[in-house]
Number of protein chains: 2
Amino acid sequence: MRDKQRDSTREKIVEAALSAMTETGFDAVSTRAIAQRAEVSQGLLTYHFATKDALWRAAADRLFALQDEAVGDAMQAVGPDAPPEQRREVLRRLVRFNAEHPEFFRFLMLQGPEDDERRTWLIETHLMPVYTWFSNMMGNLPPQDIPHAFYAFGGASSVIFSAQAKCSGLTGIDPKAEATIQRHADYLTNLMVPE
Amino acid sequence: MRDKQRDSTREKIVEAALSAMTETGFDAVSTRAIAQRAEVSQGLLTYHFATKDALWRAAADRLFALQDEAVGDAMQAVGPDAPPEQRREVLRRLVRFNAEHPEFFRFLMLQGPEDDERRTWLIETHLMPVYTWFSNMMGNLPPQDIPHAFYAFGGASSVIFSAQAKCSGLTGIDPKAEATIQRHADYLTNLMVPE
DNA sequence: AAATACACTAGTCAGTTGACAAGTGAAAGC
DNA sequence: GCTTTCACTTGTCAACTGACTAGTGTATTT
């Protein structure tokens, strides 16, 4: 009973931290602002997460857990010899994940070059597995193209959703609309894995 | 004589502000940190630029002036009926610009949804013209594909360079290397405008 | 029913923030 | 040569930062 309460509070805090941090970045967000979003006292943050840094890591863990849940199994199942349609399906799911979680890409981009330790931790703990799966899935490409495909697809599939407010103001289309997501997925899939 | 000094100082400050702000974001950077980079006193920032916000705008102006210098003329020259090779050349130059100025894309991404006024100013003043040129250049595509092409190419051509430190740590390739830039330009150009 | 455990709050700390006020000194104008 | 201009520095301000300490109240254990 008390444990359940504890977990739900921690979750509420991580959720608030994640959304706050992906709006303005780690350093720009105060623990008090996060606490206010989570509707708890500021002291409670340092109670559950010793430092702001630890809270950042908890937010990262949550983010990659979400990604794994959404595309992990599909991505691992598709190897270099898989039929193109399977690959296309995984790419479509990745686009959809980025549309539903624009904070994922923002979190990665906002983590700048300034903090070596956080960056290294992020690469080793979370980024490397994803890159390995992607490499395996796209193993049909020439090996030297893999990093380019990874970053090209990563950027191409995310920016339109992660720069949401700018996108609708600029192009008039609504990046949250189902039709937009669908069209973006189709557009990219056709580029990367032609039928 | 004094005017020249004034201009070079202002430039030094804008330069420092730009590099600092694109590392950690607007709110996370202190005016004192910027002043230190520019090797001037903190008070001088408020002397030349009344507020931190004004300094941000000056940084944006400089960034888009750089872009215009690098690709503006080429982009405006290529219309919907231009031969593919011309379009390919502009895309290659855009990739190169993003490689040489990874701070450009970072600046755009770090500007989150939090500040309406800055975002609107950025769209109307700088983003809209670029989007219009791009639309015109890619006028051979179905109109409804234009926003998707814009964001897909924008993201695909930038992230590998703007996430520099993460990229070399993750993939082992050096995004600053000439060969990498060339390869990325070729890879993307072939995707977007097949020969 | 008394004792314990612990999720949680309030208050406090030194250090940092953006902006401003007052002063300095060297170049430009007369 | 005297005055004015102005790029620039120093010092100061209230407001805010992350982390810590000392508590409080309620559920669980004995």
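Throughout, a chain's letter reflects where its sequence line sits, starting with A, and its residues are numbered from 1. Note: hydrogens, waters and symmetry copies are ignored here, and every other heavy atom, side chains too, is used.
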Problem set entry | side chain to side chain donor-acceptor pair (under 3.5 Å) contacts touching residues 170-179 of chain A (sequence neighbours left out) |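 Residue pairs passing side chain to side chain donor-acceptor pair (under 3.5 Å), neighbours aside: A:R96-A:E178.
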Exercise. Which residue pairs satisfy the side chain to side chain donor-acceptor pair (under 3.5 Å) criterion with at least one member in residues 134-143 of chain A, sequence neighbours excluded?
Worked result: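 Residue pairs with at least one partner in residues 134-143 of chain A: there are none.
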Exercise. Which parts of nucleotides 12-19 of chain C does protein reach within less than 4.0 Å, heavy atoms only, written one letter per nucleotide 5' to 3' as B for base, S for sugar-phosphate only and - for none?
Worked result: B----SBB
Distance check needed: [N] [atom2] versus [X] [atom1], whole Å only.
{"X": "A:D7", "N": "C:dA7", "atom1": "CG", "atom2": "C1'", "answer": "12 Å"}
{"X": "B:R10", "N": "D:dC6", "atom1": "CZ", "atom2": "C1'", "answer": "14 Å"}
{"X": "A:L44", "N": "D:dA19", "atom1": "CG", "atom2": "C1'", "answer": "14 Å"}
{"X": "A:L55", "N": "D:dG18", "atom1": "CG", "atom2": "P", "answer": "11 Å"}
{"X": "B:E39", "N": "D:dC8", "atom1": "CD", "atom2": "C1'", "answer": "15 Å"}
{"X": "A:Y47", "N": "D:dG25", "atom1": "OH", "atom2": "C1'", "answer": "13 Å"}
{"X": "A:Q36", "N": "C:dA10", "atom1": "CD", "atom2": "C1'", "answer": "16 Å"}
{"X": "A:L45", "N": "D:dT17", "atom1": "CG", "atom2": "C1'", "answer": "13 Å"}

Problem set entry | Contact check, side chains of A:T46 and A:T51, non-hydrogen atoms, under 4.5 Å |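 Side-chain contact under 4.5 Å: no.
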For this session: Give every residue pair that meets the salt bridge (charged side-chain N to carboxylate O under 4.0 Å, His left out) criterion with at least one member in residues 137-160 of chain B, sequence neighbours excluded.
Result: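 Found A:R183-B:D145.
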Exercise. Which residue pairs pass the salt bridge (charged side-chain N to carboxylate O under 4.0 Å, His left out) test when at least one of the two sits in residues 19-48 of chain A, sequence neighbours left out?
Worked result: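 Listed once each, the pairs are A:E23-A:R37.
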For this session: Hey, could you give me each pair passing ring pair (Phe, Tyr, Trp, His ring centres under 6.0 Å) that has a residue in residues 174-195 of chain A? Not counting sequence neighbours.
Result: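 Residue pairs with at least one partner in residues 174-195 of chain A: A:F161-A:H184, A:H184-B:H148.
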Problem set entry | Under-4.0 Å side-chain N/O to phosphate OP1/OP2 contact, B:T9 with D:dC8 |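 Yes, within the criterion.
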